[in-house]
Q: 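Here you go, one structure.
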Amino acid sequence: MVGSCVDRSVIITGAGQGLGRSHALEFARHGAKLVLNDAGTAVHGVAEEIRAAGGTVVVSTGDIADWHYAAELVHTAVDAFGQLDTLVNNAGINRDRMLATMSEQDWDEVLRVDLKGHFAPLRHAAAYWRERAKSGGSIAARIVNTSSGAGLLGSVGQGNYAAAKAGIAVLTQIAAVELGRYGVQVNAIAPSARTPMTESVFAEMMAKPADGFDAMDPANVAPLVVWLGSARSVAVTGRVFEVSGGDVALADGWRYGEPVAKRDRWQVDELDAVVAELLERAGPPAAVYGA
């Protein structure tokens, strides 16, 4: 154990495989006490691996988008370890379709698991920390959400997934402001890594190299998540970090643009020149993935 999270109680959702599994192993290596959530059974194998290395872990299987289960998950951490310090919202699914062929179910399932599955545990954790703060408790809590480049820039064939991930990015910014008064910092990552989800969509890009540095290994993402989930990240909040391989960057979102202004209402025929000026001044936008 190397100690950046010794005695911190950490919930990780979607911990059975991919990024969640890597996060769990790295948090355990840094001394965290873990509650691992997943809808499937693979999470038990992750837990056994952690216990075999001397770590402390509790498994909770369930639907993270279920309101009552999300509350139960927070209580599990508090009951097991006396408190909750860090929530890592990682669970997600994809149901990729072009918009013209996407079904209502494709849309609803992804928004439910990916976006509501972030909000539900965040909300119950926030309520727990709020009550602790009101009773005079000392709090250095952390939430790490999982957005995506698809949510920041868009991705062809992933309208549902991108909408959910964009929602997670702005939810992160709002939560950072609302929860800061209680001692809670909220950040997000937009990772690029090899997972069962990305392998099915970007097989060639995610393929493991024959030798050399494996840039798409999900273990490359985990150190940043542990750092954000630890006391080391003090005063860092409301940010979205892109992370891939050995690269870490800040994603800088929407900003107010400099307006073309007059002290009256614009007329339709005047807006040709106004919009042309705005577009020329702004330059081309970043490309949508797959465009």
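Because the structure is predicted, anything quoted here is derived from the model rather than measured. These numbers come from the heavy atoms of this one structure, side chains and all, not from hydrogens, waters or symmetry mates.
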Q: If you look at every heavy atom in G92 and D114, which pair is closest and at what distance?
A: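 In terms of heavy atoms, the two residues are closest at CA-OD1, 3.3 Å.
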Q: Do V248 and E242 come close enough that some side-chain heavy atom pair is under 4.5 Å?
A: no
Q: Determine the minimum heavy-atom distance between V221 and A193, stating which atoms define it.
A: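 Closest heavy-atom pair between V221 and A193: CG2-CB, 4.1 Å.
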Q: Please tell me whether F119 and W67 form a close aromatic pair, meaning their ring centres lie under 6.0 Å apart.
A: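 Centroid distance F119-W67: below 6.0 Å, so yes.
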Q: Give the cluster check for V43 versus V58: same hydrophobic cluster or not, with ILVMFWY residues linked at side-chain heavy-atom distances below 4.5 Å.
A: no
Q: F81, V10: one ILVMFWY side-chain cluster at the under-4.5 Å cut-off?
A: no
Q: What distance do L271 atom CG and L278 atom CG have between them, rounded to the nearest 0.5 Å?
A: 9.5 Å
Q: Is the side chain of E178 donor-acceptor paired with the backbone N or O of A175 at a distance under 3.5 Å, no angle test?
A: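 Answer holds: no.
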Q: If you draw a 6.0 Å radius around NE2 in H68, do more than 12 non-hydrogen atoms from other residues or ligands fall strictly inside?
A: no
Q: If you look at every heavy atom in A42 and G16, which pair is closest and at what distance?
A: CB-O, 3.6 Å
Q: For the side chain of T56 and the backbone of K33, is there at least one donor-acceptor N/O pair under 3.5 Å apart?
A: no
Q: Among L36, V88, T146, N90, find the residue that satisfies the side chain to side chain contact (heavy atoms under 4.5 Å, CB included) test when tested with T13.
A: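 Of the listed options, the one satisfying the test is N90.
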Q: Show the nearest heavy-atom pair for residues D63 and Y69, with the distance to one decimal.
A: O-CD2, 3.1 Å
Q: So, the side chain of N220 versus the backbone of D214: is there a donor-acceptor pair under 3.5 Å, distance only?
A: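 Here the side-chain-to-backbone pair exists.
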Q: Is the closest side-chain heavy-atom distance between C5 and V226 below 4.5 Å?
A: yes
Q: Between L153 and Y289, is any pair of side-chain heavy atoms under 4.5 Å apart?
A: yes
Q: Return the minimal non-hydrogen interatomic distance between S9 and A77, and the atom names on each side.
A: OG-CB, 3.9 Å
Q: Are side-chain N/O atoms of S230 and R142 paired as donor and acceptor at under 3.5 Å?
A: no
Q: To the closest 0.5 Å, what do you measure between CZ (R97) and CZ (R95)?
A: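 Those atoms lie 8.5 Å apart.
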Q: Kindly determine whether I189 and L224 satisfy side chain to side chain contact (heavy atoms under 4.5 Å, CB included), including the steps that lead there.
A: CA-CA 9 Å; I189 59 166; L224 176 62; 4.1 Å; yes
Q: How many angstroms lie between atom OG of S60 and atom CG of L34, to the nearest 0.5 angstrom?
A: 13.0 Å
Q: Does the side chain of F27 reach to within under 4.5 Å of the side chain of V225, using non-hydrogen atoms?
A: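 With C-beta onward as the side chain, the pair touches.
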Q: Side-chain contact, heavy-atom cut-off 4.5 Å: E26 with P223?
A: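 Yes, at least one pair of side-chain atoms sits under 4.5 Å.
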Q: Just checking, any donor-acceptor pair under 3.5 angstrom between side chains of N89 and N145?
A: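 N89 vs N145: donor-acceptor pair found between side chains.
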Q: Do V113 and L115 belong to the same hydrophobic cluster, where Ile, Leu, Val, Met, Phe, Trp and Tyr are linked whenever their side-chain heavy atoms lie under 4.5 Å apart, directly or via other members?
A: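 Each belongs to a different hydrophobic cluster.
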Q: Between V156 and V288, is there a side-chain heavy-atom distance shorter than 4.5 Å?
A: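 With C-beta onward as the side chain, the pair touches.
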Q: How long is the gap from OG on S155 to OH on Y161, to the nearest 0.5 Å?
A: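 Atom-to-atom, S155:OG and Y161:OH are 9.0 Å apart.
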Q: Give a yes or no answer on whether the side chain of Q185 reaches the backbone of I143 with a donor-acceptor pair at less than 3.5 Å.
A: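 Checked: no pair found.
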Q: So, for G159 and M102, which heavy atoms are closest and what is the spacing to 0.1 Å?
A: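 Heavy-atom minimum between the residues: N-CE, 4.2 Å.
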Q: Measure the CG-CZ distance between L179 and R181 for me, rounded to the nearest 0.5 Å.
A: 8.0 Å
Q: Kindly say whether N94 contributes a backbone atom to a donor-acceptor pair with the side chain of N160 at under 3.5 angstrom?
A: no
Q: Hey, does D264 have a side-chain heavy atom less than 4.5 Å from the side chain of Q267?
A: no
Q: Do L87 and V144 share a hydrophobic cluster, counting only Ile, Leu, Val, Met, Phe, Trp and Tyr and linking them when any side-chain heavy atoms are less than 4.5 Å apart?
A: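 Shared cluster, no.
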Q: If hydrophobic clusters are built by linking Ile, Leu, Val, Met, Phe, Trp and Tyr wherever their side-chain heavy atoms come under 4.5 Å apart, do L250 and W227 end up in the same one?
A: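 L250 and W227: one cluster.
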Q: Would you find a donor on one side and an acceptor on the other, under 3.5 Å apart, between the side chain of N187 and the backbone of R239?
A: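 Confirmed, N187 side chain pairs with R239 backbone.
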Q: Could you state the interatomic distance from CD1 (I64) to CD1 (I11), rounded to the nearest 0.5 Å?
A: 7.5 Å
Q: Would E48 and R51 pass as an ion pair if we require N to O under 4.0 Å?
A: yes
Q: Within the 3.5 Å criterion, strictly below it, is a donor on D85 or Q83 matched to an acceptor on the partner's side chain?
A: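 A pair is found: one side chain offers a donor N or O, the other an acceptor, under 3.5 Å apart.
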Q: Determine yes or no for a side-chain-to-main-chain donor-acceptor pair under 3.5 angstrom, with T237 supplying the side chain and V186 the backbone.
A: yes
Q: How about S103 and D106: does a side-chain donor come under 3.5 Å of a side-chain acceptor?
A: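 There is such a pair between these side chains.
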Q: By the side chain to side chain donor-acceptor pair (under 3.5 Å) test, which pairs, at least two apart or in different chains, include something from residues 116-137?
A: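 Checked against side chain to side chain donor-acceptor pair (under 3.5 Å) - neighbours excluded - the pairs reaching residues 116-137 are R130-Y182.
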Q: Strictly distance-based, threshold 3.5 Å: is any side-chain N or O of S147 a donor or acceptor partner for the main-chain N or O of K165?
A: yes
